[in-house]
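One structure is given below, encoded as structure tokens.
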Protein chains: 2
Amino acid sequence: MRDLLYLKDDQIKDFIEEIFYAYRETYSDPKKILKKYSFGTAHHRAIHLIERHEGLTVSELLSRLKITKQSLNRVLRDLINNKTIILKKGEVDSRHRQIFLNEKGKKLFEEIFLEQKKRIYNAFKNSDSDSVIKFKKVLKKIINE
Amino acid sequence: MRDLLYLKDDQIKDFIEEIFYAYRETYSDPKKILKKYSFGTAHHRAIHLIERHEGLTVSELLSRLKITKQSLNRVLRDLINNKTIILKKGEVDSRHRQIFLNEKGKKLFEEIFLEQKKRIYNAFKNSDSDSVIKFKKVLKKIINE
DNA sequence: GTAGATATGTCAATATAGCTGACCCAAAAC
DNA sequence: GTTTTGGGTCAGCTATATTGACATATCTAC
């Protein structure tokens with residue numbers, strides 16, 4: 001064991017605090033834009049995942065969000081009413097609903113993303129490439145623990 | 001410009017998704033313990049910050065949490081009633097209230113932390129020391145952007 | 001010493017995002 | 001043809017946040 005300071009409790013406590021700040025700040029940035037559309041962070045997360053995994057089913061979205069279907073349904077209803085997303089019957093299994101952003105949804109996502117991107121982009125631009133790659137590696141390990 | 005793939009939009013979108021997962025998982029772990037005490041994540045965050053910055057004032061806690069004083073007050077009231085924290089008048093400026101965990105609060109924090117620590121500890125133990133150091137560097141940059 | 005600013009506390013109403021539990025329908029699997 | 005799965009919905013509740021108004025104690029500046 002050399003300088004494994006970061007395994008000390010105090011350092012880990014700091015990390016726990018910082019992960020909270022990083023999440024909060026990253027998801028705070030686009031709140032003004034969301035408000036224009038009467039959407040909140042719940043809608044944002046759904047839109048983000050739909051953009052990243054176009055055509056995903058309701059149950060796939062549920063397992064990524066880890067919320068109840070009743071909670072998700074309110075969000076999806078809002079997005080459908082707003083003509084931000086559309087649901088299509090699954091071709092293989094027509095019980096499934098595949099979720100897609102339509103044109104309006106894609107534009108909204110881009111508007112949100114443009115705002116949210118800045119923070120991450122600047123942080124990475126001011127880091128060396130090795131740091132960013134290792135940041136991702138550790139982040140993934142935290143998620144998959 | 002070499003292989004700055006991580007500055008591409010798609011990669012940044014992935015990071016935004018992963019920061020959400022990392023936060024959610026990190027703060028989900030101790031929820032069962034919190035429930036035993038009828039506390040939620042709002043109480044958890046307050047307890048965490050009080051432990052990390054013992055004797056901090058109400059307004060310092062507010063600016064770290066970035067919530068309204070009305071929201072914080074409900075949380076602090078619960079914690080006081082539960083004899084988890086105590087508030088003391090500031091010695092220099094007696095308008096201030098300095099917040100401290102008492103014995104019960106310290107025990108509760110340790111119980112929560114023990115559960116929450118595992119995820120981070122294991123992720124770091126399975127990473128090399130350079131990765132963890134760079135993880136922290138980038139995390140800080142994201143926060144301070 | 002008084003006026004104004006600051007730190008904190010509190011009441012009331014509202015919004016957002018989640019939960020549990022019950023029940024429904026359509027389609028697939030057996 | 002019965003059971004299971006994927007999805008939708010109603011109703012009521014909880015947790016956490018908000019806005020706005022107002023109260024009190026203490027400090028600062030004049």
Side-chain angles (χ1 to χ4, degrees), chain A residues 20 23-24 27-28 30-50 55-82 85-100, chain B residues 20 23-24 27-28 30-50 55-82 85-100:
Chain A
F20 160 60
Y23 165 76
R24 184 190 60 196
Y27 282 81
S28 291
K31 280 193 176 164
K32 280 153 230 144
I33 292 164
L34 289 160
K35 202 150 199 178
K36 282 199 315 189
Y37 297 83
S38 302
F39 290 150
T41 298
H43 303 91
H44 175 195
R45 285 199 290 258
I47 290 170
H48 189 99
L49 290 171
I50 295 164
L56 88 176
T57 65
V58 172
S59 64
E60 282 163 358
L61 183 52
L62 274 174
S63 74
R64 284 179 191 276
L65 288 169
K66 285 201 189 168
I67 58 176
T68 60
K69 65 173 176 173
Q70 293 92 323
S71 290
L72 177 57
N73 232 272
R74 188 170 30 81
V75 171
L76 291 183
R77 217 162 22 221
D78 292 344
L79 294 174
I80 291 165
N81 291 339
N82 189 268
I85 61 169
I86 47 165
L87 270 56
K88 292 179 185 166
K89 281 199 176 187
E91 287 182 11
V92 189
D93 183 338
S94 71
R95 287 174 303 181
H96 286 132
R97 296 286 176 276
Q98 291 187 275
I99 315 173
F100 299 87
Chain B
F20 160 61
Y23 165 76
R24 184 190 59 194
Y27 280 82
S28 291
K31 280 193 177 164
K32 281 153 231 142
I33 292 163
L34 288 159
K35 202 152 199 176
K36 283 199 315 188
Y37 295 83
S38 302
F39 291 150
T41 298
H43 303 91
H44 176 194
R45 286 198 291 259
I47 290 170
H48 189 100
L49 290 171
I50 295 164
L56 89 176
T57 65
V58 171
S59 65
E60 283 163 358
L61 183 52
L62 274 174
S63 74
R64 285 179 192 276
L65 288 169
K66 285 200 189 169
I67 57 174
T68 59
K69 65 174 175 172
Q70 294 92 323
S71 289
L72 178 57
N73 232 270
R74 185 185 37 85
V75 172
L76 291 184
R77 218 162 21 221
D78 292 344
L79 294 174
I80 291 165
N81 290 340
N82 188 269
I85 61 169
I86 47 165
L87 270 56
K88 292 180 186 169
K89 281 199 175 185
E91 286 184 9
V92 187
D93 184 337
S94 71
R95 287 173 306 181
H96 287 130
R97 297 285 176 276
Q98 291 187 275
I99 316 173
F100 298 87

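Quick note on labels: first sequence line is chain A, next is B, and so on, each numbered from 1. Because only heavy atoms are used, hydrogens play no part in the values below, and waters and symmetry mates are left out as well, while side chains stay in.
Here the CD1 atom belonging to A/Ile99 is positioned 5.0 Å from the CG atom belonging to A/Leu76, to the nearest 0.5 angstrom. A distance of 11.5 Å separates NE2 in A/His48 from CZ in A/Arg45, rounded to the nearest 0.5 Å. Atom NE2 of residue A/His96 and atom CG of residue A/Leu87 lie 12.5 Å apart, to the nearest 0.5 angstrom. Atom CD1 of A/Ile47 is separated from atom CZ of A/Phe39 by 5.5 Å, given to the nearest 0.5 angstrom. The OG1 atom of B/Thr68 sits 9.5 Å away from the CZ atom of B/Arg74 when rounded to the nearest 0.5 Å. Atom-to-atom distance recorded for A/Ile50:CD1 and A/Glu60:CD is 12.0 Å, nearest 0.5 angstrom.
In this entry the distance linking CD1 of B/Ile85 with P of C/dT8 reads 13 Å, nearest Å. Here the C1' atom of nucleotide C/dT16 and the CG atom of A/Leu72 are 15 Å apart, to the nearest Å. Summarising the geometry, the separation between OH on B/Tyr27 and P on C/dG18 is reported as 18 Å, rounded to the nearest angstrom. Between the CZ atom of A/Arg95 and the P atom of C/dA27 there is a distance of 10 Å, rounded to whole Å.
Applying the side-chain contact (heavy atoms from CB on, under 4.5 Å) rule to B/Lys88 yields the partners B/Ile86, B/Phe100; only residues at least two apart in sequence or on another chain are considered. In this structure A/Arg64 satisfies the salt bridge (Lys or Arg N to Asp or Glu O under 4.0 Å) test together with B/Glu17, sequence neighbours excluded.
For A/His43 and C/dA17, the shortest distance from a side-chain N or O to OP1 or OP2 is below 4.0 Å. Proximity of B/Arg77 to the phosphate of C/dT8: no side-chain N or O atom is located under 4.0 Å from OP1 or OP2.
Nearest heavy atom pair, residue A/Arg24 against residue B/Leu65, reads NH1-O, 3.0 Å. The nearest pair of heavy atoms linking A/Val58 to A/Leu72 is O-CD2, 4.1 Å. A pairwise comparison of heavy atoms in B/His43 and B/Gly40 identifies ND1-N, 2.9 Å as the closest pair. Taking each heavy atom of A/Asn82 and A/Tyr37 in turn, the nearest pair found is ND2-O, 4.5 Å. Here the closest heavy-atom approach between residue A/Gly55 and residue A/Gln98 is recorded as O-NE2, 2.9 Å.
Nucleic acid contact class of A/Leu87 (heavy atoms, under 4.0 Å, all strands): sugar-phosphate only. The residue A/Lys89 sits close only to the backbone: its heavy atoms come under 4.0 Å of sugar-phosphate atoms, none of a base.
Of all the residues in residues 32-42 of chain B, B/Gly40, B/Thr41, B/Ala42 reach under 4.0 Å from DNA chain D with at least one non-hydrogen atom. The stretch residues 55-67 of chain B touches DNA chain C through B/Thr57, B/Val58, B/Ser59, each having a heavy atom within less than 4.0 Å of the strand.
Aromatic ring pairs are classed by plane angle as parallel below 30°, tilted from 30° to 60° and perpendicular above 60°; the pair A/Tyr23 and B/Tyr23 is parallel.
Of the two residues contacting DNA chain C, namely A/Asp93 and B/Asn73, the nearest-nucleotide position lying further toward the 5' end is that of B/Asn73. Positionally, the nearest nucleotide of DNA chain C for A/Arg74 lies more toward the 5' end than for the other of A/Ser94 and A/Arg74.
The base of C/dT8 has none of its N or O atoms less than 3.5 Å from a complementary donor or acceptor on the side chain of B/Arg97.
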>> One character per nucleotide, please: for nucleotides 20-25 of chain C, 5' to 3', B when the base has a protein heavy atom closer than 4.0 Å, S when only the sugar-phosphate does, - otherwise.
In response: BBB---

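Here the range on DNA chain D touched by chain B, meaning any atom under 4.0 Å from one of its heavy atoms, is D/dT16 to D/dC27.
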